[in-house]
Undergrad: 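Would you mind keeping the following structure in view while I ask a few things?
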Amino acid sequence: MRSMLPRARLVVSHAGHNLTAESLAAGVPLLALPTHLEQDLVALNVERAGAGQRVALALASVERAAVSRGDVLVTPGAFPVSYRLEVEL
């Protein structure tokens, strides 16, 4: 996965600690779909930091994920914190 992150524009993840940290270190924003409590807390912190978007799994759908993905990919500077984290880490 680490070798793919430099080419990624977005990571869709359950917000596990490992992939979240690697994504932030690479400056790639996240679309987080947490499934457990600790993942929800990680996703909430990512969203609060401005490094991605959290979607509750109970509300998730292909359509909603596509809209969220579009927001991240189309909006210039949608999540500038993720890029700043890449530089700082």
Side-chain angles (χ1 to χ4, degrees):
M1 179 60 77
R2 189 173 288 166
S3 64
M4 295 172 55
L5 285 171
R7 298 187 307 254
R9 292 179 57 204
L10 175 71
V11 170
V12 179
S13 168
H14 65 293
H17 288 277
N18 191 34
L19 184 54
T20 299
E22 289 182 2
S23 300
L24 294 175
V28 181
L30 287 110
L31 177 57
L33 301 156
T35 59
H36 299 296
L37 179 60
E38 72 278 0
Q39 295 165 353
D40 192 50
L41 295 172
V42 170
L44 182 61
N45 286 325
V46 165
E47 189 172 62
R48 285 181 178 166
Q53 186 174 3
R54 175 178 61 126
V55 176
L57 192 59
L59 302 175
S61 66
V62 171
E63 293 80 12
R64 182 168 179 153
V67 167
S68 296
R69 179 182 160 271
D71 289 346
V72 172
L73 296 178
V74 173
T75 307
F79 297 104
V81 171
S82 60
Y83 303 107
R84 190 179 79 235
L85 288 171
E86 173 188 22
V87 173
E88 291 177 2
L89 294 175

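Along the sequence shown, the residues carry numbers beginning at 1.
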Undergrad: Looking at side-chain heavy atoms only, is the closest gap between L5 and S23 below 4.5 Å?
TA: yes
Undergrad: Given 3.5 Å as the limit, does a donor-acceptor pair link the side chain of Q39 with the main chain of T35, or not?
TA: yes
Undergrad: With sequence neighbours left out, which residue pairs that include part of residues 23-41 fulfil the salt bridge (Lys or Arg N to Asp or Glu O under 4.0 Å) condition?
TA: D40-R54
Undergrad: Tell me the salt bridge (Lys or Arg N to Asp or Glu O under 4.0 Å) pairs involving residues 23-37, sequence neighbours left out?
TA: none
Undergrad: Side chains of L31 and V55: closer than 4.5 Å at any heavy-atom pair?
TA: yes
Undergrad: Just to verify, what does T20 make a side-chain contact (heavy atoms from CB on, under 4.5 Å) with, not counting sequence neighbours?
TA: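 For T20 the side-chain contact (heavy atoms from CB on, under 4.5 Å) partners, ignoring immediate neighbours, are A15, L24, L30, V42, V46.
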Undergrad: Passes side-chain contact (heavy atoms from CB on, under 4.5 Å), H14 versus L33? Steps please.
TA: CA-CA 5 Å; H14 65 293; L33 301 156; 5.7 Å; no
Undergrad: Run the side-chain contact (heavy atoms from CB on, under 4.5 Å) test against R48 and tell me which residues pass, sequence neighbours left out.
TA: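 side-chain contact (heavy atoms from CB on, under 4.5 Å) check on R48 returns L44, N45.
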